[in-house]
Amino acid sequence: MAEGDKIPLLGMTLAELKEVAGEVGMPSFAARQMAGWLYGKKVSSIDGMTDISARNRALLSERYAVGCSKPVEEQRSADGTVKYLYRTAAGGYVETVYIPDGERATLCVSSQVGCRMNCRFCMTGKQGFSGQLTAADILNQLYSLPEREALTNVVFMGQGEPLDNLDAVLRATELLTADYGYAWSPKRITVSTVGLRKGLKRFLDESECHLAVSLHNPFPEQRAQLMPAERSYSVRDIVSLLRTYDFTHQRRLSFEYTMFAGVNDTMAHARELLRLLGGLECRMNLIRFHPVPGVDLKGTSDEDMVRFRDYLTRHGLFSTIRASRGQDIFAACGLLSTAKQQGVELKNIGL
């Protein structure tokens with residue numbers, strides 16, 4: 001069986017690894033051995049699982065492979081940010097961005113090839129939707145990362161809508177937090193969403209990871225012009241659901257708000273944000289907008305962003321302005337994979 005046709009062990013739970021062990025005639029405790037090699041020592045091949053007998057490794061290798069693959073391309077920023085391009089098992093391309101910041105190092109991972117949400121300001125949405133990532137595809141973005149040992153946090157804020165691929169995302173976060181997996185605290189993981197209501201409720205019930213909601217405009221009609229998903233998943237309904245959960249303890253709720261000049265940055269928008277989110281334990285992340293090919297939006301000035309932030313914070317909605325990183329390598333999601341899939345250079349796609 002060719003390597004690419006084998007079943008990946010990466011992405012399997014302990015119960016599934018026990019089934020694999022039984023299938024090839026290995027004792028059930030071999031599942032924890034495999035999990036230790038996969039999620040603890042992060043081996044690149046089954047032959048690297050040296051406390052499993054050579055015979056059993058050979059039996060495993062007949063049908064299975066670790067399922068990891070290195071990035072096929074990278075871009076490095078002067079500020080230390082690195083964008084990696086990965087090829088998925090199904091043949092698509094997704095981006096991952098590594099963001100070092102002092103003692104903290106965050107990885108922004110993707111969950112889909114393309115995206116169905118088609119947000120006006122997002123390059124990934126302009127690709128359309130090409131396919132779901134498997135849990136192995138998602139985890140490989142960490143597993144094969146050259147800087148993986150430095151990671152402190154993971155954010156599902158890359159390409160795709162995580163709640164539109166919820167089974168794979170929940171499996172990936174389970175493996176990141178399980179004692180037999182990466183054994184991370186859920187506090188190290190944030191999942192971002194436009195707010196798919198059914199998936200959102202399930203995520204809140206089945207996971208303890210932090211949640212970030214892409215808001216971008218508090219007025220439903222205006223939000224729909226930026227984010228078509230508003231027509232199916234109203235931000236007011238989303239906030240009503242969030243009010244039924246407790247965010248006063250370890251789990252953190254935040255809202256993402258990319259600022260566009262003359263579109264969502266007036267004091268009327270600020271006041272409406274306060275009305276919409278008043279009394280909800282949350283924070284607001286204000287994000288600078290940087291040009292995307294074919295998008296006729298402009299970013300709000302730094303001065304106006306500071307005024308907006310200060311108004312919100314002064315009135316009880318703690319807000320921060322997210323630092324821009326990697327702009328010299330076009331770190332916004334979608335640009336590198338679009339260029340790769342279309343076979344063109346970045347300089348030829350309108351930037």
Side-chain angles (χ1 to χ4, degrees), residues 8 10-11 67-69 71-73 83-98 106-145 154-176 189-203 206-207 209-214 216 226-233 238 256 258 292-293 295 330-342 349:
L10 185 63
C68 60
S69 60
V72 297
E73 196 169 320
K83 175 182 277 193
Y84 291 103
L85 188 72
Y86 286 94
R87 186 174 174 85
T88 69
Y93 292 95
V94 292
E95 299 166 30
T96 301
V97 182
Y98 172 74
T106 299
L107 191 69
C108 182
V109 301
S110 295
S111 56
Q112 295 179 310
V113 182
C115 185
R116 281 191 260 252
M117 300 302 107
N118 196 27
C119 295
R120 178 179 166 192
F121 49 88
C122 177
M123 190 69 192
T124 299
K126 298 186 184 311
Q127 291 180 9
F129 175 74
S130 299
Q132 304 285 27
L133 297 192
T134 64
D137 288 326
I138 293 171
L139 289 173
N140 184 58
Q141 296 170 67
L142 292 79
Y143 200 92
S144 299
L145 184 78
V154 168
V155 294
F156 284 75
M157 295 181 183
Q159 293 175 270
E161 163 55 54
L163 300 194
D164 193 33
N165 189 17
L166 186 54
D167 286 339
V169 168
L170 285 175
R171 176 183 287 257
T173 57
E174 175 187 345
L175 291 166
L176 286 171
I189 305 166
T190 300
V191 174
S192 174
T193 178
V194 301
L196 307 191
R197 185 180 175 92
K198 183 178 179 181
L200 179 57
K201 186 176 191 318
R202 185 178 162 205
F203 170 77
E206 296 182 22
S207 170
C209 297
H210 295 322
L211 175 68
V213 176
S214 295
H216 309 302
L226 292 171
M227 307 172 67
E230 167 66 26
R231 299 186 181 98
S232 301
Y233 313 104
I238 293 165
E256 297 166 312
T258 303
V292 170
V295 175
F330 309 113
C333 288
L335 294 171
L336 183 57
S337 59
T338 296
K340 187 71 172 180
Q341 287 163 184
Q342 295 179 355
I349 64 173

Within the structure provided, determine whether I189 and H210 are in side-chain contact (heavy-atom separation under 4.5 Å).
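SC-SC contact between I189 and H210 ruled out.
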
Please name the pair of heavy atoms, one in C119 and one in P228, separated by the smallest distance, quoted to 0.1 Å.
CA-CD, 4.2 Å

Which heavy atom in L166 sits nearest to a heavy atom in G199, and how many Å separate them?
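Smallest interatomic distance, heavy atoms only, reads CD2-O, 3.5 Å.
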
Mark yes or no for whether R171, through its side chain, and G11, through its backbone, hold a donor-acceptor pair below 3.5 Å.
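Yes: the side chain of R171 pairs with the backbone of G11.
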
Separation of C122 SG from E161 CD (nearest 0.5 Å):
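Reported to 0.5 Å precision, the distance equals 10.5 Å.
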
Taking the side chain as every heavy atom from C-beta outward, state whether M157 and E256 have any pair of such atoms under 4.5 Å apart.
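Answer yes - side chains close enough.
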
Taking the side chain from N118 and the backbone from K126, do they hold a donor-acceptor pair closer than 3.5 Å?
no

Euclidean distance, L139 CG relative to T173 OG1, rounded to 0.5 Å
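Answer rounded to 0.5 Å: 9.5 Å.
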
The single option from T193, L211, L196 passing side chain to side chain contact (heavy atoms under 4.5 Å, CB included) against F203:
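Of the listed options, the one satisfying the test is L211.
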
Can you tell me how far the CD atom of Q132 sits from the OG atom of S111, to the nearest 0.5 Å?
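Rounded to the nearest 0.5 Å, the CD-OG separation comes to 7.5 Å.
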
Go through C68 and Y143 one step at a time and tell me if the side chain to side chain contact (heavy atoms under 4.5 Å, CB included) criterion holds.
CA-CA 7 Å; C68 60; Y143 200 92; 3.6 Å; yes

Within the structure provided, determine whether Y86 and N140 are in side-chain contact (heavy-atom separation under 4.5 Å).
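When only atoms from C-beta onward are counted, N140 and Y86 do touch, with a gap below 4.5 Å.
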
Look at the side chain of Q112 and the backbone N and O of P162, then say whether any donor-acceptor pair between them is shorter than 3.5 Å.
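Answer holds: no.
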
State, yes or no, whether a side-chain contact exists between C115 and Q127 at a heavy-atom distance under 4.5 Å.
no

Donor-acceptor side-chain pairing of R87 and Y93 below 3.5 angstrom
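R87 vs Y93: donor-acceptor pair found between side chains.
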
Heavy-atom nearest pair, A172 first then I138, reads CB-CG2, 3.8 Å

Is any side-chain heavy atom of V113 less than 4.5 Å from a side-chain heavy atom of Q159?
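SC-SC contact between V113 and Q159 ruled out.
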
Honestly, is R197 close enough over Y233, meaning NZ or CZ under 6.0 Å from the six-membered ring centre and within 45° of the axis?
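Checked: cation-pi criterion not met.
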
For a quick test of reading the model, state the closest non-hydrogen atom pair linking G158 to C108 and the distance between them.
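Scanning both residues, the minimum pair turns out to be N-SG, 3.4 Å.
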
Any T106 side-chain heavy atom under 4.5 Å of V154 side chain
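No, too far: nothing below the 4.5 Å cut-off.
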
Here the gap from L226 atom CG to R120 atom CZ, rounded to the nearest 0.5 Å, amounts to 6.0 Å

What's the spacing between S232 OG and M227 CE if we round to 0.5 Å?
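Going from the OG atom of S232 to the CE atom of M227 covers 12.0 Å.
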
Report the C-alpha distance between T96 and L107 in whole Å, list the side-chain angles of each, state the deciding distance to 0.1 Å, and finish with yes or no for side chain to side chain contact (heavy atoms under 4.5 Å, CB included).
CA-CA 7 Å; T96 301; L107 191 69; 3.2 Å; yes

Which heavy atom of G160 sits nearest a heavy atom of T124, and at what distance?
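Scanning both residues, the minimum pair turns out to be N-CG2, 4.0 Å.
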
Strictly distance-based, threshold 3.5 Å: is any side-chain N or O of N165 a donor or acceptor partner for the main-chain N or O of L133?
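Here the side-chain-to-backbone pair exists.
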
With a 4.5 Å limit on heavy-atom distance, are the side chains of E95 and Y84 in contact?
no

Compare every heavy atom of A212 with every heavy atom of T190, then report the nearest pair and how far apart it is.
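Distance-wise, the nearest heavy atoms are CG2-CB, 3.9 Å.
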
Nearest 0.5 angstrom please: S144 OG to L10 CG, how far?
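Between S144 OG and L10 CG, I get 7.5 Å after rounding to 0.5 Å.
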
Could you go step by step and tell me if V292 and F121 meet the side chain to side chain contact (heavy atoms under 4.5 Å, CB included) rule?
CA-CA 7 Å; V292 170; F121 49 88; 5.9 Å; no

Validation row: L176, L142 side chains within 4.5 angstrom (heavy atoms):
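With C-beta onward as the side chain, the pair touches.
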
